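To start, the structure under review is shown below, and the notes come after it.
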Amino acid sequence: MSTHDTRPGSAGGADTPGPLHGGPDEDYTPEQLAAMSREDLDMLGARYDGVEILHVDPGPEPGSRMEKRAVRQVGWTFAGAGIAALLFLVVYAGSGWFLPEWNWATEGTTWSAMFNPLLGLFMGLAFTLAGVGLVLYTKKLLPHETAVQDKHDGSHFDRVTTGATLVGGLHNSGLQRRKLLTRSLGFMGAAFGLMLIAPLGGMIKNPNKGNPLGRTNWAEGVRLLRDNGTPIRPGDQQPGSLETVFPAVPGGNLQSDAATMLIRLRPEQLAADRPKEGQEEFGYGDYVAYSKICTHAGCPVSLYEQETSRILCPCHQSQFDVTQGAKPVFGPATRSLPQLPITVDDEGYFVARSDYIEAVGPTYWNRERI
Amino acid sequence: MSTTNPQSDAPTDATGRPVDRARVRRRSKQRRRIANVAGLMASLVLTGSLYSVLAPAQAADDTTSESAAEAAGRELYERSCITCHGENLEGEVNRGPSLIGVGEASVYFQVHTGRMPLVRQEAQAPDKPTIFSDEEIDQLMAYVQANGGGPTLPSGNLRDGDLAEGGELFRLNCASCHNFVGEGGALSSGKLAPSLKDTTDLELYTAMLTGPENMPVFGDNQLTPEEKRSVINYIQTVKFQADPGGAGIGRIGPVAEGLVIWVVGIGALMFGIFWMGSKA
Amino acid sequence: MAATATAPGAPTSRLGKAATEFDDRLIVAGPVRRTLNKVFPDHWSFLLGEIALYAFIIALLSGTYLTFFFDASMTEVPYEGEYDPLRGTEMSAAYASALDLSFDVRGGLFMRQMHHWAALLFVAAIVVHLLRIFFTGAFRRPRESNWLIGVVMLVLSLLMGVTGYTLPDDLLSGTGLRIISAILLSIPVIGTWAHFAIFNGDFVGTEIIGRFYIAHVLIFPAILLGLIAVHLLILVKQKHTQFPGPGRTEHNVVGNRLFPTFAGKATGLLLVCFGVVSALAGLVQINPIWLWGPYNPAQVSAASQPDWYIGFLDGSTRIFPAWDINLPGDYTIPALFWPTVVVAGAMFTVLALYPMIERKVTGDTASHHLLQRPRDVPVRTSLGVMALTFYFWLMLAGGNDVIADKFDISLNAMTWIGRIGVIVLPPIAYTLTYRICLGLQQHDREVLEHGIETGVIRRLPHGEFIEVHQPLGPVDEHGHGQLAYGGAPVPKRMNHVGGARRAIRGFFTPIESPAAVELEQQRDGRELAAGETTRELTGSGRPSDGGRPSDGGRPQDARD
C-alpha cells in the first residue's frame, strides 16, 4: 500500500481491511474452525503456543462413587469456609450488640480477651478451608494432564534484524560524527542529573557546627534531677544504689545524651575505687556519676550489679566496672563511660561541675578531634 | 512519662504542654509532697516508738530481756544461718555478709523467697521453696531486727499507688534488668535478674527496699513508699492482665516471635505445599 | 447450534458474545490463550516464592488499613485511651495512635498483628525460596538477573522490616532506632553527615518517625512492587526451571498448564497463606507495644531484640571484640562498624555476586534450565551449608541473653561460645556436608550399578550368603546395571519401583500393605498411575530375584 496519496481530503486509499497478518488465521478458515470440536480447538491453540498435551488422566467418572465422595468433600470444605466467615462477621459486628463489649479493660472481661483470638480463628479457618477446598477440587475432580511446552533460545533472525534497526537509527542520527552534539548532550545529562538530586541538599546538616554530638546540657551548676523533677541530696540514696538523673533544663529528661547514672558506692566499693587518671575529683564523697549512654551503640546501660560493681548493657552485653572509672571489662564496647564531675550546691543539692569532658554515646569518626 | 521539670514549672514550658495539665501535675506533686511529709512524720514516730520499746531492753541485758520471738529466732539462726553469717550476725569472710543493720525487710525477702539458707556458694543465690514457716520467718526477722535494726516491713495495701506512674518508674528503674514485663533477664557471668512472675507484693517491696545481692538499693528517699507501691501495682497488674492479642508466647518479644513464624508459620505452609505437590 | 446469518463459529451464547465484543476492542484473545496455555512444572519447592509473594500482598493490604489510623508524628501527647496502665503517660503521637489502633479500633489489633506476622512470614519465605534457588542451582545462566533482583528484594524487605519496626515508637523499637543511629555514626568519614541527613540532626530529633514512615509505606513498597513485577516477568519470559526426569530436557517444560490446574493450586495456596497469617494474627500475640511502654532514651529493657531477620546483625555485634581502630590524626573507625556495616555489606555482596563467582570459577557459561540435586554439586552445597551455619550461629548469638537466661548459662560464656563457634563451626559444616554429598552420590551410583537392596538374604549352594539386589534396568554379563546417572532421584526402595504394587499413597496414613492397596483400588474402580514417573525413568518392571554384589561375577539368568 502506498502512503503517498495526494488526493485532497483523502484518508488514504480504499477503506477496506488489509490482508490478515499471517499465521493461524490464514491456515484455518472460520468454517474449518467451526467444524472442530472444543477439545480439538484447545489442542490446536496449545500447539500454536508450543504446548503438547502428552497425557490426560481423566477426572473421576461422572456419577461414580469416587466423584460423589470428592464432591462431598470439596462441598463441605467450601461450606465450612462460608460458615467460618459468617462466624467472623458475627463476632466482629455482634460484640457490643448482642455479644459482650469487645473493648479491652485491665480487669478484663473474658470476651474482650477472646475477641481477637476468635477473629483470628474464624478468619484463619475461613481462608484455610477455602484454600484447602480449592486444592482438593483441583486434585480430586479435575483431570490431570501432563503437558510439555517448548523452550526456545533466542532467535538469531530477531537479533540480526533488531540490531540492524538499532544501528541504522544510530547511524542516521549521525551522533558518531557530530562530536559537538554528543559532548553537549553528555554535559547536559550530567547537569540535569545534578540538578535533579540537588533538592536533596536540603537534608544535609553540618554535624560539626556547634559540636552537637560532643555536648550535652550539663554545665556548671546544673542540678541533677530525678525523672519526676526533684533534686537530690547526698543523704537521699543508700549505699549500693543507682538513680538515673537528668540535667535541670527544660525537657532535660527527654534528651537522648543527657541521662546520667548517679551511683552511691558501698564502703567496700569506695575502698576499691580506682577512678580514671585526672578524674579522681569527679565524684563527691561516695557518689560517682557516669553517663548512662553506652559508648558502643548508645543503649542506656543500667543493669547495675551493686556487688560486683558491674554495669551491663542489655543490647550487646558490654560490661563496665564502676570502680575502675567505668572501664569496659567485657563485650564489644571500647571506651569507658564518660564521668560527670559533680558536687553539691549551697542548698545541699547535687549539681554538675561542668559538662562531660568528652563526647557521650557511640564512637564516631572524628570524636577524638572535637 | 512524667516529663515535668521543676525548672520549667511555668505553664509554657518547652514541650508546650497544656497549662491545665501542668496544673494538675503540680497539684498532684503537692499532694505527693504532703504525702512525703506525712510519711516522714509517720516513720519518725514509728522509729521513736520502736526505739522507746527496744532501747531500754538493750540497755538492760541482751540475753535476759529478749522477747520470746527473738529467742526463737536466735535458735533458728544458730541452727541455719550461723555458719555463714557468724555468731553475732557479723558475717564471715568469703562466706556471708554481716547482717547487722540489714533489717527485717531483708530477712523477709531472703528467707521468704527461699534464697536463704543457701545450699552452696554460687554466682547468685537461687530462689527455692521456702523452708521456714511464716511464724519462723517472723521469729528470724524479730531476732535480726533486734540486733542492729534496719529497714522494716511496710504495712497496708501495697498496691494502692498510681498505675501509670508505677509503669514509668518500672521502665526507668527495673525493666533494664527484669525486662519490660518482669520476665527477668541475664546479667554478667552467670548471674541473672529473676522473673517477677511468682513474686508477692511484700517480696517486691522488701527487694526494692533492701537491694538483695546485686540488685541496687532503692531507699525510701530515692523511691518513696508511695512510688514503691505504684511500681508494685504496675508489676502485679500487668502480670495478671490478659493478653488481648492471643497467646502471649512468653511476652519476650522478637525471639519467641521469630521461633513461631519459622516453626508454625513456615512449618504449616511447608506442610501445605507438600500436600499440594503430592499426587492425588 | 442455531442457524445464524453470521460467520460460522461466531459465538451464540451471551458470554461468548460479550467476550467477542471485548476482544473486538482490546484484541487480547491471543495473549490470553498463550497465558492460559503456559506450562508450569509441578514441584512443591516451586511454590516457596509464591508464599513470599502472598505474604507481601497480605502485608500490603493490612498495612494500607493501618495507615488510616496511624499518625507518624513525634509530638508529645498524653495518652487518654482505653489501656489504663498507660493512661496519662506522656508519649509520642505515633505511639499513642498505635495504642489507639490496638485498643480503640474494632479489629485494629487484629490487623496490626496480621501486618506484623505477614512481614515476618514475608522475609522467612524469601529466605526459604532463596535457599531452594541456591541449592538447586536455579540461579545459573540465564537467571543471574533474577537472582540479583531477588537479593535486592531481600535487602529491601529487611529495610521495610527495620523501618516498620521503628514506627510504633515504643521502648523496644526506640532501642532499635538508637542502635541504627549508632551504626550510622560508626561509618568512617561520612558517618556523622549521614546521620545528620537522615535524622535531621542529633539522635533522636523530631523527624525520624515521619521519614521512616514515608520510606516504609511509599518508597520501599513502590520499589518492591516494581521489582516483583520485573522478577515475575523475567520468570515468565525465561520459563520455569525443572528437575531432571523422564522427558524433561533443557528445551522444554513438563507440567501443568496454567489453567485450570496450576491456577487452582496457586489460588489455593494464596488462600491458605491468608489463612495461616490471619490465624496467627488472632491466636498468637505479636509485638505487644502496650507492654513495652513509650520510648525514652534513658530507659531500656533486658532482652531487647530486633525481629528475627535482623538478629544475625545483632549477634555479630554482640560477639565482635572491642576493636576500635585509631588512625593518625585522631580519627577512629569504631568497633561497631565492622560487625554491622561491613558484615552485612559483605554478606549481601557475596550473595548477590555468587552466580558470577561460580560461573568464573567453574567456567560453566552454558544456559541451564534443568536443576541440580544438591548432592551432585557438593562444593556449592557445602558452601551454602557453611554460610547457613555462619548465619544461624550469628542469629543464635543475637538471642544469647535469652538463651543464657532460659537455660541458666553464663552470659559471658554465651558470648565466648558465639565467638568461637562462628569461626570453628562453618568449616566443620563444610566438611561434613561435603562428605555427606559424596556419600549420597556414591550410593546413587551403587544402586544404579547393583540394584536396590531388597532385604532378601539368600544362601548360595556353596554356603555363601548374599543379599538379593533388584537391578533397575538391563544388566551386563557381570550383573552390573547399565543405567547412567541422569541427575534425577534414584529409587532406593522396592516400593519406589512398584515393589508393593503401587507407591505409597495417602498423605496422613501411607498405605503400604498390598492387601489394603488392592482393596482401595477396587473401591476406586480405576487405576491411579501414581509412581508412574519413576517407573518411566528407570524403565524397570517387576522385581525379580536377580542381582548380587559385583564381586560375585556370576552371570545372571534373566528371568524377568
Side-chain angles (χ1 to χ4, degrees), chain B residues 1-3 15 17 21 123 163-168 171-172 175-181 183-193 234 237-238 241 243-249 251-255 257-262 264-266 268-270 272-280, chain C residues 42-44 47-48 51 76 78 84-91 102 109 113 117 120-121 124-125 128 171-172 265 268-269 272-273 276-277 280 282-288 291-294 296 298-303 305-308 311 399 401-402 404-405 410-413 507 528 530:
Chain B
M1 73 189 67
S2 43
T3 48
T15 46
R17 193 172 298 109
R21 270 205 66 74
L163 196 56
E165 186 201 24
E168 187 62 22
R171 286 188 291 275
L172 184 67
S176 52
C177 300
H178 292 286
N179 173 281
F180 297 111
V181 285
E183 280 294 325
L187 295 176
S188 72
S189 310
K191 297 182 287 290
L192 51 94
Y234 180 77
T237 308
V238 167
Q241 127 195 333
D243 284 315
I249 49 170
R251 293 180 172 182
I252 52 168
V255 173
E257 291 157 9
L259 221 66
V260 168
I261 199 63
W262 276 99
V264 181
I266 291 286
L269 287 169
M270 290 293 257
I273 57 178
F274 277 137
W275 172 64
M276 280 177 209
S278 74
K279 303 243 181 257
Chain C
D42 190 14
H43 191 267
W44 64 267
L47 298 174
L48 291 167
I51 297 181
E76 291 280 312
D84 38 346
L86 285 173
R87 203 172 295 142
T89 306
E90 293 279 335
M91 56 181 62
S102 308
L109 178 61
Q113 301 206 131
W117 281 121
L120 293 195
L121 179 66
V128 183
L171 191 46
L172 183 61
K265 283 191 180 181
L269 183 58
V272 170
C273 279
V276 168
V277 172
L280 278 175
L283 298 172
V284 188
Q285 179 166 287
I286 188 167
N287 201 23
L291 296 175
W292 305 159
N296 178 324
Q299 298 174 358
V300 74
S301 161
Q305 252 99 13
D307 278 337
W308 73 263
D401 50 345
V402 175
D405 184 37
S410 160
L411 189 56
N412 298 29
F507 191 70
L528 288 176

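Per chain, numbering begins at 1; letters A, B, ... match sequence-line order. Because the structure is predicted, anything quoted here is derived from the model rather than measured. Note that these values count all heavy atoms, side chains included, but never hydrogens, waters or copies made by symmetry.
Of the two parts of C/A124, the backbone and the side chain both hold a non-hydrogen atom closer than 4.5 Å to a non-hydrogen atom of chain B. Only the backbone of C/L283 comes within contact range of chain B, judged by heavy atoms closer than 4.5 Å. In this structure, chain C has a heavy atom under 4.5 Å from the backbone of B/L187, while its side chain stays farther away. For C/V402, the part lying under 4.5 angstrom from a heavy atom of chain B is the side chain only. Contacts between C/L280 and chain B at a heavy-atom distance below 4.5 Å involve the side chain alone, from C-beta outward.
B/M270 contributes atom CE, which lies 7.5 Å from atom CD1 of C/I51 (distance to the nearest 0.5 angstrom).
If you tally non-hydrogen atom pairs under 4.5 Å between each of B/G253, B/A268, B/G185, B/G248 and chain C, the highest count goes to B/G185. Ranked by heavy-atom pairs shorter than 4.5 Å toward chain B, the options C/L411, C/V128, C/N287 are led by C/L411. In terms of heavy-atom pairs under 4.5 angstrom with chain B, the leader among C/V276, C/L109, C/L121 is C/L121. Across C/I286, C/L171, C/D401, the residue that shares the most heavy-atom pairs under 4.5 angstrom with chain B is C/I286. The greatest number of non-hydrogen atom pairs below 4.5 Å with chain C, out of B/A247, B/G190, B/A193, B/G184, is found for B/A247. When each of C/Q113, C/Q305, C/Q285, C/K265 is scored by its heavy-atom pairs under 4.5 Å with chain B, the top score falls to C/Q285. Contact tally against chain C (heavy-atom pairs below 4.5 Å) for B/V264, B/V260, B/V238: the top residue is B/V260. Put simply, of B/G245, B/A175, B/G167, B/G246, the one with the most heavy-atom pairs under 4.5 Å next to chain C is B/G245. Looking only at heavy-atom pairs under 4.5 Å with chain B, the residue among C/L269, C/V272, C/V277 that has the most is C/L269.
Nearest heavy-atom pair across C/S410 and B/S189 is OG-CA, 3.3 Å. Here the closest heavy-atom approach between residue C/A298 and residue B/L172 is recorded as O-CD1, 4.0 Å. The heavy-atom pair separating C/P85 from B/Y234 by the smallest distance is CB-CE1, 3.9 Å. In plain terms, the two heavy atoms of B/R171 and C/W292 that are nearest each other are CD-O, 3.3 Å. Residues C/A404 and B/A186 share a closest heavy-atom pair of CB-CB, 4.0 Å. Nearest approach of B/N179 to C/A303, heavy atoms of both residues: ND2-CB, 4.2 Å.
Among residues two or more places apart in sequence or in another chain, the side-chain contact (heavy atoms from CB on, under 4.5 Å) test is passed with B/L192 by B/Q124, C/D405, C/D408. Applying the side-chain contact (heavy atoms from CB on, under 4.5 Å) criterion to B/A164, with sequence neighbours excluded, gives B/D162, C/T89.
Taking the six-membered ring where tryptophan is involved, the planes of B/W262 and C/W308 are perpendicular, since the angle between them exceeds 60° and thus also 30°.
In this structure, C/L172 and B/P254 have side chains that are in contact, with non-hydrogen atoms separated by less than 4.5 Å. With contacts defined as side-chain heavy-atom distances shorter than 4.5 Å, the pair B/L163/C/R87 does not qualify.
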